[in-house]
2 protein chains.
Amino acid sequence: MNSESSSAEVQGAAALERGLVLLDQILEGGPTASLAQIADRIPMPISTAQRLVAVFVRQGLLCRVGPGRYAGGVRMAQWNSHCDWHESLAEAARPLVTALARAVGATVHCGVLEAGMVTYLVKAHGGGQPVLTSEQSQLEAYCSGIGKALLAHQSAELQEAYLAAGPFVALTDRTTTDPDQLRRLFEQILAQGYAVDDAELQPGLYCLAVPVWAAGERVVAAVSISMRSDAPVSLTLLDPLKDCARRLGRRIGAGGA
Amino acid sequence: MNSESSSAEVQGAAALERGLVLLDQILEGGPTASLAQIADRIPMPISTAQRLVAVFVRQGLLCRVGPGRYAGGVRMAQWNSHCDWHESLAEAARPLVTALARAVGATVHCGVLEAGMVTYLVKAHGGGQPVLTSEQSQLEAYCSGIGKALLAHQSAELQEAYLAAGPFVALTDRTTTDPDQLRRLFEQILAQGYAVDDAELQPGLYCLAVPVWAAGERVVAAVSISMRSDAPVSLTLLDPLKDCARRLGRRIGAGGA
DNA sequence: TTCATTCTCTCATTCTGTGAGAGAAATTCC
DNA sequence: GGAATTTCTCTCACAGAATGAGAGAATGAA
């Protein structure tokens, strides 16, 4: 929630950047906040905040709904209708995923986490035995490589909420269903930077997954290599997979927050 | 679609403003546009556009989905979830609508147009015979004061599309159902600045409506005074009604586009 | 591979944003 | 209804930031 524009600063766009941080604060910090409070939080002089907020209101991005109350305006609503983040992500990922699938001769997925479920946005089959999944399909996170890679990089609160939500059904005899075991697994994944699925979802289906760091700051998706075989996916495939994730991360940008 | 930041400029926020215009161009102009094309349209030097776009991408507002293709990013998606324009509008309008209802001793509505239907966002009863409507309810636009006031201020294309969509059912014997007649009515409403509903929706229900100009540039809603009586609403109520609309317009901001 | 497009970076000039505080306009309280 | 309080708007001189042309690096296409 707190935007520390700590990392790499873009040259010559400080004003825009501060404005966006302010807008984010207002929208994320709930609809109730007087200019003084908002200015306090950034921090930023009141008169500067006022000048910027005036621009946002004039542009229809904010709407003054009452004294000390600002909310999204009409323009924001218009923009919303043009934005489908999942679609954008899928479009950005597709060429990279397809290329990787061809390169390694296996099936590659790109997916996101949504309310404890993994949604596959992109699937590309580049060889080997077919894998039975489809784009837009959802599945439980705890038993898939992508799901575990994503869960491991969530905040501690989200992780605990997820682990408390249970129950975790064993889909194969290798599925991890114990919350404590999952918690340790998450730590391990976080440390090593990749997650594996050794036939925990389907017998004979192995998978290797890594998170996608948006602008190197935040995990917003994951990519995985899946294949039907009789042994885990070779870790030699980790490098091309990580490379794909890194490129995707760079492409989609999205820092802050 | 074309943002002419023509009118009153805010002092000392040109950079922010240009940035927002750029962002609007990218989002409204479809996902496909190279920096050069975008810069051409503003107009703005490419290197400046690039600097601003880099900020948006870093902040997660835009996402580069391919060469010459930008779309809304994660941050935009986050903001979306915090924004409910109808709710904001209702919240901003409620105190004004309530005050007007008390002042004139009648029922006052505030509504918006949505796919050819009017949605009542706020209703306040300030005296007189009760009017049978409720907030969030929808009704056909052609036979209500608010609906006609809003339709009259739509673009010609939207009006024609609406008139062509028909059919228009007569709810009372005074309902205007002929497209040509409606078209002339719209011109008249546009010219005089207000719309009337003389028992066209329900027998004995009269109504006077005026549009709400967001920041004096664009009609985004309408307010109306309704009452059960045996004659049209007195035009002496036009002034307080217009005043209410003007104040609401100022409050919600929203220029451009 | 090579070519074409799209994007990124640098730097001197000048125009722009900055921020304190006073004043205006609301909202709330009495 | 009126007064106190909060919230918002405006002005101005200085400093520092944005600007924009063009060369160069990535990237994607053929």
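Only this structure's heavy atoms are used, side chains among them; waters, hydrogens and symmetry mates stay out. A, B, ... follow the sequence lines: proteins, then strands. Residue 1 opens every chain.
Every pair tested for salt bridge (charged side-chain N to carboxylate O under 4.0 Å, His left out) that includes a residue from residues 122-134 of chain A fails, sequence neighbours excluded, so the list is empty. Sorted by first then second residue, the salt bridge (charged side-chain N to carboxylate O under 4.0 Å, His left out) pairs that include residues 77-93 of chain B, not counting sequence neighbours, are Arg69(A)-Glu91(B).
Arg51(A) contributes no side-chain N or O that forms a donor-acceptor pair with the base of dG17(C) under 3.5 Å.
Regarding Asp243(B), its CG atom lies at a distance of 11 Å from the P atom of dA26(C), rounded to whole Å. Rounding to whole angstrom units, CZ of residue Arg247(A) and C1' of dG28(D) are separated by 11 Å. Taking atom CD on Glu17(A) and atom P on dG17(C), their separation rounds to 16 Å, with Å as the unit. Atom CG in Leu16(A) sits roughly 11 Å away from atom C1' in dA18(D) (whole-Å rounding).
Using a 4.0 Å heavy-atom criterion, one finds that Arg18(A) contacts the sugar-phosphate atoms exclusively.
If one axis is set at each end of the helix from dT1(C)-dA30(D) to dC30(C)-dG1(D) from five pairs, those axes are 80° apart, to 10°.
Looking at residues two or more places apart in sequence or on another chain, you find no salt bridge (Lys or Arg N to Asp or Glu O under 4.0 Å) involving Arg64(A). Every side chain to side chain contact (heavy atoms under 4.5 Å, CB included) that Ser234(B) has, sequence neighbours left out, goes to Thr236(B). Taking Arg228(A) as the reference, nothing meets the salt bridge (Lys or Arg N to Asp or Glu O under 4.0 Å) condition, with sequence neighbours excluded. Residues passing the salt bridge (Lys or Arg N to Asp or Glu O under 4.0 Å) test with Asp243(B), sequence neighbours excluded: Arg246(B), Arg247(B).
A salt bridge links Arg75(B) to Asp24(A): one of the charged nitrogens lies within less than 4.0 Å of a carboxylate oxygen.
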(message) Walk along nucleotides 3-9 of chain C from 5' to 3' and tag each nucleotide B, S or - by protein heavy-atom contact under 4.0 Å, base first, then sugar-phosphate.
(response) ---SSBB
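Here the CD1-CD1 distance, from Ile26(B) to Ile38(B), works out to 4.0 Å after rounding to the nearest 0.5 Å.
The phosphate of dT19(D) has neither OP1 nor OP2 within less than 4.0 Å of any side-chain N or O from Thr48(B).
Among dT19(D), dG20(D), dG17(C), the nucleotide with an atom closest to any side-chain atom of Leu52(B) is dT19(D).
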List the atom pairs, with distances to 0.1 Å, where a side-chain N or O of residues 93-110 of chain A and a protein N or O form a donor-acceptor pair under 3.5 Å, not counting sequence neighbours.
from, atom 1, to, atom 2, distance (Å)
Arg94(A), NH1, Glu135(A), OE2, 2.9
Arg94(A), NH2, Glu135(A), OE1, 3.4
Thr98(A), OG1, Arg94(A), O, 2.8
Thr107(A), OG1, His125(A), ND1, 2.7
His109(A), NE2, Thr133(A), OG1, 2.6

